[in-house]
Amino acid sequence: MKTRIQILLKDKPIGSTVSVAGWIRTRRDTGDFSFLEVNDGSCLANIQVIASQELKNYTSEVRQLTTGCSVSIRGELKESPAKGQDVEIHAAEVVVVGQADPETYPLQKKRHSLEFLRELCHLRPRTNALGAVARVRSRLSYGVHQFFHEKGFLQVHTPIITTSDCEGAGEMFQVGSSSENGKEQHFFGRSAGLTVSGQLQAEVYALSLGDVYTFGPTFRAENSNTSRHLAEFWMVEPEMPFCDLKGNMQIAEMLLKYLLEDVMNNCAEDLNLFDKFIEKGLLSKLSGVVDNKFAHATYTDAVDILSKAEKMFEFPVEWGVDLQSEHERYLAEEVFNCPLIVTDYPAVIKPFYMRVNDGGKTVAAMDILLPGIGEIAGGSQREERLEVLKSRMVEAQIDIEEYNWYLDLRRYGTAPHSGFGLGFERLVQFVTGMKNIREVIPFPRTPGSAPC
Ligand code: 4AD
Ligand code: MG
């Protein structure tokens, strides 16, 4: 049985025989033995393997090993006299499983730029930085499920193929439609697309089962080539019945704090790497978010602050226009210098499902803005009043017939309910300090690019 290096380093069964398998990072030779640094991806640390000339394949194979070769090793775990590591393996057997031609293997010992590594999506997880991102991402995903299960939420698997454009922004990738002899054919009997959000279907389950969440891939055919947009990204979407905007804000703040605390407790080694090489001060930024209350401002307050700001913005601000990323970042970074929840946006710039506030000009919307990221989550209290919802849909030129199922939720046992969508990659960006979103998803899909 192979032991993952992470487990081995934790338990350190000194003197016992252990087996590990992984990839060679470096080989260093002395007179009659070699030091092999082996990494298996379970943690940042390598395990040092001492391979002596007693091994029968020492000259023929071990001494030929190069960066990237895969090996399987059996040997005795001993305390290490070397600095920076507690244990090492004295090999009784080194099996060379796969070669990696040093003439062509693209990952050399030196540090490569993140842009260069983006061209190598199939090999970049073998580097320290991208391996650490993958582990942090996995832990955050685990944390999401853990948080909601502890709080009694049910997970709902909402569909990837859908016939409703939740955000109404016309950004659905079409699927199942083709043209034959000039006639349009629809696989699903009508036009369908890839989901932009699982919210509407999550609402169905929330209004039957209570608190639910969905966490899956979402797709947007928006032509945004920025460091924060992907055409395929993952979203965490809780939906809570009998819950107003205030309750929604509380859950969102609790979730973010829980996830940051959990990842700091469980991925300390990887976060230290990011703090050192990617974003100086990352760890204190993360603890600052956990320890302090999020700020709150209404959209109207935010516009007021922005219009009095001395800073020159590329996009002018006035009541009624959507906030741009430059405004969001200015508010979170320069005015509040902490996470900020902006609520009560003008109805005209928000989707049909958001609950209309008294007076009719604004809706019970909320966006969460983080320093360095801007918007990380967006949500709202949902419109539970049938007639108000219908008139919002008419205004938005939505075909009411197609959304009869959604209106039924208001016809039969309607209840106030709320939810939000947390952009999972933006969260991973915030936690790792990665400037570009393409670094935090294994296989980024952006306009003009879909490697692997
Ligand atoms: O604000 P959005 O569009 O909200 C919704 O889709 C709601 N239906 C969610 C809900 O209430 N259940 O998207 C939510 C979040 C954004 O705040 C952002 O973090 C992320 O999803 N997001 C993207 N992340 C990466 N690439 C993109 N193109 C993104 N678009 C949105
Ligand atoms: Mg939004």
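Both counts, for ligands and for their atoms, begin at 1 and track the order of listing.
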Shortest protein contact, [atom] (heavy atom only):
atom	answer
atom 16 (C) of ligand 1	E375 OE2, 3.2 Å
atom 14 (C) of ligand 1	G421 O, 3.4 Å
atom 26 (N) of ligand 1	L230 N, 2.9 Å
atom 18 (C) of ligand 1	R426 NH1, 3.4 Å
atom 19 (O) of ligand 1	I376 O, 2.8 Å

Quiz item: For E375, what is the atom name of its N, O or S atom nearest to the Mg ion (ligand 2)?
Solution: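 Relative to the Mg ion (ligand 2), the closest nitrogen, oxygen or sulfur of E375 carries the name OE2.
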
Quiz item: Considering only heavy atoms from C-beta outward, does the side chain of L44 approach that of R135 to under 4.5 Å?
Solution: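 A side-chain contact exists here, since the closest heavy-atom pair is under 4.5 Å.
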
Quiz item: Charged N to carboxylate O under 4.0 angstrom, R410 versus E384?
Solution: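 A salt bridge is absent here (no side-chain N lies under 4.0 Å from a carboxylate O).
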
Which of the atoms of ligand 1 are close to [X], meaning less than 4.0 Å from one of its heavy atoms?
X	result
E237	8 (N), 9 (C), 10 (C), 12 (N)
Y353	7 (C), 8 (N)
G379	11 (O)
G423	15 (C), 19 (O), 20 (C), 21 (O)
A377	17 (O)
C166	8 (N)
R382	10 (C), 11 (O), 12 (N)

Quiz prompt | Name of the residue among T432, I437, V431 meeting side-chain contact (heavy atoms from CB on, under 4.5 Å) with M434 | solution =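 Between M434 and the candidates, side-chain contact (heavy atoms from CB on, under 4.5 Å) is satisfied uniquely by T432.
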
Quiz item: Can we call the ring centroids of Y258 and F147 under 6.0 Å apart?
Solution: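 They qualify: ring centres under 6.0 Å apart.
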
Look at [atom] and find which of [options] reaches it with the closest heavy atom.
atom	options	answer
atom 31 (C) of ligand 1	F424, F233, W234	F233
atom 13 (O) of ligand 1	R228, M366, R220	R220
atom 28 (N) of ligand 1	E167, M354, E222	E222

Quiz prompt | Side chains of S224 and T226, donor plus acceptor under 3.5 Å | solution =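 No, no side-chain donor-acceptor contact under 3.5 Å.
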
Quiz item: Does ligand 1 have an atom under 4.0 Å from some heavy atom of E425?
Solution: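 No, that is not the case, since the closest heavy atom of the residue is not under 4.0 Å from the ligand.
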
Self-check item: Y403 and W405 aromatic ring geometry - parallel, tilted or perpendicular at 30°/60° bounds
Solution: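 Rings of W405 and Y403: parallel, as their planes differ by under 30°.
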
Quiz item: Say you draw a straight line from OG of S179 to CD of E184; how long is it, rounded to the nearest 0.5 Å?
Solution: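 The OG atom of S179 sits 6.5 Å away from the CD atom of E184.
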
Self-check item: Intermediate values then yes/no, side chain to side chain contact (heavy atoms under 4.5 Å, CB included), I441 and W234
Solution: CA-CA 9 Å; I441 187 162; W234 286 62; 4.3 Å; yes

Quiz item: Going through the checks in order, is the side chain to side chain contact (heavy atoms under 4.5 Å, CB included) test met by D367 and Y299?
Solution: CA-CA 10 Å; D367 272 6; Y299 166 89; over 6 Å; no

Quiz item: If you look at every heavy atom in G198 and E237, which pair is closest and at what distance?
Solution: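 Closest pair (atom of G198, atom of E237, distance): N-OE1, 2.7 Å.
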
Exercise. Let me see the working for K257 and E253 under salt bridge (charged side-chain N to carboxylate O under 4.0 Å, His left out), right down to the final yes or no.
Key: CA-CA 6 Å; K257 288 181 169 172; E253 181 168 345; 2.8 Å; yes

